[in-house]
Amino acid sequence: MSDTEIGPPIALVTGANKGIGLETVRRLVDQGFRVYLGARSAERGQPAADSVKAQFLQLDVTSDDSVQQAVAFIQKEHGHLDVLVNNAGIGGPRREPQDYTANDMATVLMTNVVGYMRLIHACLPLLEKSSNPRVVNVSSGLGSFALFHDLDRIESRAGTVPYAASKAAINMMTARLARLLPHIHINAADLGQTSTELSGNQGHSIQDGTDAIVHFALAGPDGPSGTYADRTGELPW
Ligand SMILES: NC(=O)c1ccc[n+]([C@@H]2O[C@H](COP(=O)([O-])OP(=O)(O)OC[C@H]3O[C@@H](n4cnc5c(N)ncnc54)[C@H](OP(=O)(O)O)[C@@H]3O)[C@@H](O)[C@H]2O)c1
C-alpha cells in the first residue's frame, strides 16, 4: 500500500446514472469501495449517487475539460485511484447497412472508444499510485471476431455496424494497453445481453450483466490482465 492509500479502495465508474453503470456502483459500494459515480448530468447523476451511497462526479466522457476536472477532484481528495470502470456507452443509430454514414460511425466511436481512451489517459497518473490498479473496459460479445464467425452465437447476427466496430476497437485497445502497461491490470468485460435502456430492455438481469465487471474490479494483485471474459469465463477474441 502506498502512502496515499489510507481508507477504502477508490473506484470511478463512468456513465453510471442508470443501467449497468449504476448497478456496478451499487455492488462496489456493497464491497466497501468509495465509489465516484460519473454522469454527464447532475440532474440524473446526483439522485442516482444518493440512492446507492456513492459520490456524484460530473463527467462527460466526450469532454477533455469535464474529465480533467473530475480526475483533479479525485487527485485532490485521495491522491490515487484503484479501479476505473470505463462503462459510458451509446448504442448509436440502427439503420439499413447502406444508410450508415461517417457521422454515425464518428459519433459512436467518440463516446465508446475515444471516451475510454480519454479516461485511461487522464487516470493513469492516479492509477499508478495504487498498489493494485485495475481498469475494466466494458465491452460486448459483439466486439469479438471469433463470436461473430460462430453462426450458433447471437453475436453473429445481432448488433449494428458502428456499435460492433466500437466494441472490437475496445478489445484491441484493452489487449494492447495490458501488454504495454504490465503494472496495471486492464481487462475487457462482456456483459451478455442485459435488460437496460440500451438493449431495449431485452436480456438477462442487471445483476447477471454486471458479474464480469465486478469480477475484474475485485481482482487481487495476482488477478488477470489482457483478458476478455463474460460471467462464465474467458471468451475468444
Ligand atoms: N445492455 C446490454 O445488453 C449491454 C451488453 C454489452 C455491453 N453493454 C455496454 O454496457 C455499457 C452500459 O450500457 P447500458 O446497457 O447500461 O446502457 P444505458 O442504460 O443506456 O446507460 C448508458 C449510460 O452511459 C451514459 N453516457 C452516454 N454517453 C455519455 C457521455 N458522453 N458521458 C458520460 N456518460 C455517458 C448514459 O448517460 P445519460 O443518461 O446521460 O444518457 C448512461 O448513464 C455500455 O458501454 C454498453 O455498450 C451493454
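All ligand and atom numbering here is 1-based and tracks the order in the structure.
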- Does Thr14 come within less than 4.0 Å of ligand 1, judged by its heavy atoms? no
- Could you state whether Trp237 and Leu177 fall into the same hydrophobic cluster, counting links through intermediate Ile, Leu, Val, Met, Phe, Trp or Tyr residues with side-chain heavy atoms under 4.5 angstrom apart? no
- Message: Regarding ligand 1, does Gly15 bring an N or O atom to under 3.5 Å of one of the ligand's N or O atoms?
- Response: yes
- Message: Checking Arg27 against Asp211 for the salt bridge (charged side-chain N to carboxylate O under 4.0 Å, His left out) test, could you report, in this order, the C-alpha distance in whole Å, the side-chain angles of both residues, the deciding distance, and whether it holds?
- Response: CA-CA 10 Å; Arg27 292 181 68 174; Asp211 279 353; 2.8 Å; yes
- Query: Will you find, in the side chains of His204 and Gln193, an N or O donor that is under 3.5 Å from an N or O acceptor?
  - Reply: no
- Item | ligand 1 N/O within reach of Thr196 N/O, cut-off under 3.5 Å | yes
- Closest candidate by heavy atom, reference atom 24 (O) of ligand 1, pool Gly89, Ala48, Gly141: Gly89
- Query: Within the structure, does Asn87 bring an N/O atom to less than 3.5 angstrom of an N/O atom in ligand 1?
  - Reply: yes
- Shortest protein contact, atom 13 (O) of ligand 1 (heavy atom only): Leu198 CD1, 4.0 Å
- Report the distance from atom CG of Asn87 to atom CD1 of Ile213, rounding to the nearest 0.5 Å. 5.5 Å
- Note on the structure: Of Ile90, Ile20, Leu37, the residue with the heavy atom nearest atom 16 (O) of ligand 1 is Ile20
- Has Ser139 got any heavy atom lying under 4.0 angstrom from an atom of ligand 1? yes
- Closer than 4.0 angstrom: is that true for some heavy atom of Gln202 and an atom of ligand 1? no
- Look at atom CE of Met117 and say whether more than 12 heavy atoms of other residues, nucleotides or ligands are closer to it than 6.0 Å. yes
- Task: Give the residue, atom name and distance (to 0.1 Å) of the protein heavy atom nearest atom 32 (N) of ligand 1.
- Result: Val61 N, 3.0 Å
- Query: Is Arg94 salt-bridged to Asp99, going by a charged N under 4.0 Å from an acidic O?
  - Reply: no
- Under 3.5 Å, N or O to N or O, is Ser140 touching ligand 1 that way? no
- Tell me, which protein residue and heavy-atom name are nearest atom 5 (C) of ligand 1, and how many Å apart are they? Gly192 O, 3.5 Å
- Identity and distance of the protein heavy atom lying nearest atom 4 (C) of ligand 1: Leu191 CD1, 4.0 Å
- Query: When rounded to the nearest 0.5 angstrom, what is the spacing between OH in Tyr163 and CG in Asn112?
  - Reply: 6.5 Å
- Message: Nearest 0.5 Å, please: how far is SG in Cys123 from CZ in Arg118?
- Response: 12.0 Å
- The closest protein heavy-atom partner of atom 27 (C) of ligand 1 is Arg40 NH2, 3.6 Å
- Message: Can you see whether Asp104 engages Thr101 through a side-chain donor-acceptor pair at a distance of less than 3.5 angstrom?
- Response: yes
- Task: Please determine if Asp60 and Arg40 form a salt bridge, counting it only when a charged side-chain N lies under 4.0 Å from a carboxylate O.
- Result: no
- Item | Numbering as shown, the atoms of ligand 1 that approach Leu59 to under 4.0 Å (heavy-atom distance) | 32 (N), 33 (C)
- Item | Arg44 contact mode with ligand 1 (heavy-atom cut-off under 4.0 Å) | side chain
- Taking the inter-plane angle between the rings of His149 and Phe145 on a 0 to 90° scale, is it parallel (under 30°), tilted (30 to 60°) or perpendicular (over 60°)? parallel
- Note on the structure: the protein heavy atom lying closest to atom 26 (N) of ligand 1 turns out to be Ala88 CB, 4.0 Å
- Task: Give me the ring orientation class for Phe73 and Tyr36: parallel if the planes are under 30° apart, tilted from 30 to 60°, perpendicular past 60°.
- Result: perpendicular
- Query: For atom 36 (C) of ligand 1, which protein heavy atom lies nearest, and how many Å away is it?
  - Reply: Asn17 OD1, 4.2 Å
- Query: Starting from atom 47 (O) of ligand 1, which protein heavy atom do you reach first, and at what distance in Å?
  - Reply: Tyr163 OH, 2.5 Å
